[in-house]
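Report on one structure; see the data block that follows.
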Amino acid sequence: MSAPRRGLEHDVRHFDLVIIGTGSGNSIADERFADWDIAIVEKGVFGGTCLNVGCIPTKMFVHTADVAATPRAGGRLGVDLALEGVRWADVRDRIFGRIDPISEGGRRWRAEENANVTVYEGTARFVGPKTLDTGTGEVITADRFVIAAGSRPVVPEVADLASVGYHTSDTVMRLEELPRRLTILGSGFVAAEFAHVFSSFGVEVTVIARSDLLLRHEDREVAERFTALAAEKWDVRLSRKAVRAERAADGTVRLHLEGPAGAEVVESDELLVAVGRRPNSDLLDLAATGVEVHPDGRIAVDEFQRTSVEGIWAMGDISSEYQLKHVANHEARVVQHNLLHPGSPIASDHRFVPAAVFSSPQVASVGLTEEQAGARGVRYVAASQAYASIAYGWAMEDTTGFAKVLADPSTGRILGAHIIGPQASSVIQPIIQAMSFGLDARTMARGQYWIHPAMPEVVENALLNLPLD
């Protein structure tokens, strides 16, 4: 156990390592750190965004929504189904009845069963070089810090929004009851996923987008297809700016908008704000310890996840442009190695970072979009294949999904892939593998068996369609 250090206003406890945040950062301190004196600081619940308010509960809701939406698709297959109802409280409590004990179990395990780990439950902030106020009344120091404090929802500047009341992705999954009408302010993956969830449960959903497309960061052809399909199910308002919110005497939320046709008002029972997330770096007083940040608030790190201060690393949403759990997990493994082997550090690999949107339909992507390739002057060819053209697409009667692949016309090197349709998040995985291990399009298409009839055939055929030199 490290001895207290003297010389500050009060004696402070000194650690070998302090980890701020218990998302992916919590996985760093495994049995190889058993002889390290470690502090873990957490301002909220254990497990981070993914476990508590992100990936895991949202996908549990999404799967339930997929089941609830099945009757709508049954008719065209000759199967007449009806949705008798959605027991919201049962859905919610089943999900959080599994998640909450995991979070609490993780906290208890760290606090009570790790003899070399001290847990501080408070909002941390630096008060000097490598000196941290834990938010519990105790100040600590350490030789090494890992900042993995995550992100939180962005709240836009809309007049009277705070006084009206609203939900974010942190709170909307724990609603007391299912609303009849829901307005979603936002057009990215969080908005798209919750629009699918609530509309599948019978809620009238309105989606407000500042841009001319939903999922505007996807390949434009994919975003256009998704937006068109979304407009068939939800009230989609594009190119709108929210200017003011108000709550009527009967509890109705009114959102005042400015759009192409002028002023308009959207009314609903609940308002979900889903316009993005921001890194929690502003809560930490990083200047006090000398850690530099980007203009957007992300902590600046090098390829080894090192910050501008020796002995301080950062990882996950607080430093990464990719707010994705699989990226945070990868970076945690890099930081873990570099803590244990400072003489032979390894770098993070962000070359081929995939992402998926679990809405309806699903969207998945990796690598360059056509727009990015064009803007960067990258020479490429592209080919698409419709789900409707493969046998399993026929079986599903899917007429809207497709896979697009981009490649270097000379070498066949795959530059990117974009899929919209059933199980896109799984169908894209072979392309991620090919890109990661340097498998060119020709070899990938013809160098292996493709199960017939299965959905990955849409990828096989897209690869074969590429007009390579």
Side-chain angles (χ1 to χ4, degrees), residues 17-33 38 40 42 46-56 58-59 102 106 144-151 189-190 217 277-281 291 293-294 296-308 311-358 363-368 414-417 424-426 428-439:
L17 171 66
V18 172
I19 301 171
I20 306 173
T22 61
S24 294
N26 191 37
S27 66
I28 291 173
D30 62 13
E31 65 279 359
R32 289 170 291 178
F33 291 82
I38 298 173
I40 293 178
E42 174 56 65
F46 261 63
T49 297
C50 175
L51 173 64
N52 295 289
V53 294
C55 323
I56 295 176
T58 57
K59 301 318 162 287
I102 294 173
R144 309 162 193 83
F145 282 82
V146 175
I147 305 174
S151 62
F189 74 93
V190 175
H217 294 298
R277 297 182 68 85
R278 61 179 295 180
N280 283 326
S281 54
V291 169
V293 298
H294 293 288
D296 63 3
R298 288 179 299 115
I299 295 177
V301 295
D302 65 10
E303 68 269 32
F304 304 111
Q305 301 301 135
R306 299 178 302 199
T307 72
S308 55
I312 300 182
W313 289 260
M315 46 152 288
D317 285 4
I318 203 162
S319 60
S320 178
E321 61 181 298
Y322 308 102
Q323 294 180 337
L324 298 166
K325 177 64 170 176
H326 44 278
V327 173
N329 285 345
H330 170 78
E331 293 176 352
R333 290 189 291 270
V334 169
V335 171
Q336 182 185 62
H337 172 92
N338 293 343
L339 286 166
L340 291 168
H341 308 284
S344 55
I346 60 173
S348 290
D349 183 357
H350 296 135
R351 294 173 301 155
F352 311 114
V353 176
V357 183
F358 294 83
V363 172
S365 60
V366 64
L368 296 178
I414 301 171
L415 303 173
S425 58
S426 297
I428 201 170
Q429 190 63 43
I431 303 179
I432 301 166
Q433 182 175 354
M435 294 175 70
S436 299
F437 293 100
L439 197 65

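Just so you know, residue 1 is the first one in the sequence shown, and it goes up from there.
Rounding to the nearest 0.5 angstrom, the gap separating the CD atom in Gln323 from the SG atom in Cys50 is 13.5 Å. Note that CE of Met315 is 10.0 Å distant from CZ of Arg333, once rounded to the nearest 0.5 Å. Going from atom CG of Leu17 over to atom CH2 of Trp313 covers 8.5 Å, rounded to the nearest 0.5 Å. Rounded to the nearest 0.5 Å, atoms CZ (Arg32) and NE2 (His337) are 9.5 Å apart. If you take CZ on Arg306 and OG on Ser319, they are separated by 14.0 Å, rounding to the nearest 0.5 Å.
Looking only at atom types and distance, the side chain of Ser151 has no donor-acceptor partner in the side chain of Asn280 under 3.5 Å away. Checking Glu42 against Thr22 by side-chain atom types alone, a donor-acceptor pair falls below 3.5 Å. For the residue pair His350 and Glu331, a side-chain donor N or O sits within less than 3.5 Å of a side-chain acceptor on the partner.
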Test Ile312 against Ile299 for side chain to side chain contact (heavy atoms under 4.5 Å, CB included), laying out the working first. CA-CA 11 Å; Ile312 300 182; Ile299 295 177; over 6 Å; no
Hey, mind stepping through Ser281 and Arg298 against side chain to side chain contact (heavy atoms under 4.5 Å, CB included) and telling me if it holds? CA-CA 7 Å; Ser281 54; Arg298 288 179 299 115; over 6 Å; no
Carefully, step by step, assess Asp317 and Tyr322 under the rule side chain to side chain contact (heavy atoms under 4.5 Å, CB included). CA-CA 7 Å; Asp317 285 4; Tyr322 308 102; over 6 Å; no
Going through the checks in order, is the side chain to side chain contact (heavy atoms under 4.5 Å, CB included) test met by Ile102 and Leu51? CA-CA 9 Å; Ile102 294 173; Leu51 173 64; 3.9 Å; yes
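Heavy atoms of other residues, nucleotides or ligands lying less than 6.0 angstrom from CD of Gln433 number 12 at most.
Residues Phe358 and Ser425 come closest through the heavy atom pair CE2-OG, 3.4 Å. Of all heavy-atom pairs spanning Phe304 and Val334, the tightest one is O-CG1, 4.2 Å. Ile414 and Leu439 get closest at one heavy-atom pair: CD1-O, 3.9 Å. Considering every non-hydrogen atom in both Ile19 and Ile38, the closest pair reads CD1-CG2, 4.5 Å. The shortest heavy-atom contact between Ala148 and Ile318 is CA-CG2, 4.5 Å. Across all their heavy atoms, Arg277 and Thr49 have their closest contact at NH2-OG1, 3.4 Å.
Of the possible donor and acceptor atoms, none in the side chain of Asn338 sits under 3.5 Å from a partner among the backbone N and O of Pro342. Of the possible donor and acceptor atoms, none in the side chain of Ser320 sits under 3.5 Å from a partner among the backbone N and O of Gly316. Between the side chain of His341 and the backbone N or O of Ile346 there is no donor-acceptor pair closer than 3.5 Å. Proximity of a side-chain donor or acceptor of Gln336 to a complementary backbone N or O of Ile28 within less than 3.5 Å is detected. With hydrogens and angles disregarded, a donor-acceptor distance shorter than 3.5 Å links the side chain of Asn52 to the backbone of Phe46.
Between Lys325 and Cys55 there is a side-chain heavy-atom pair separated by less than 4.5 Å.
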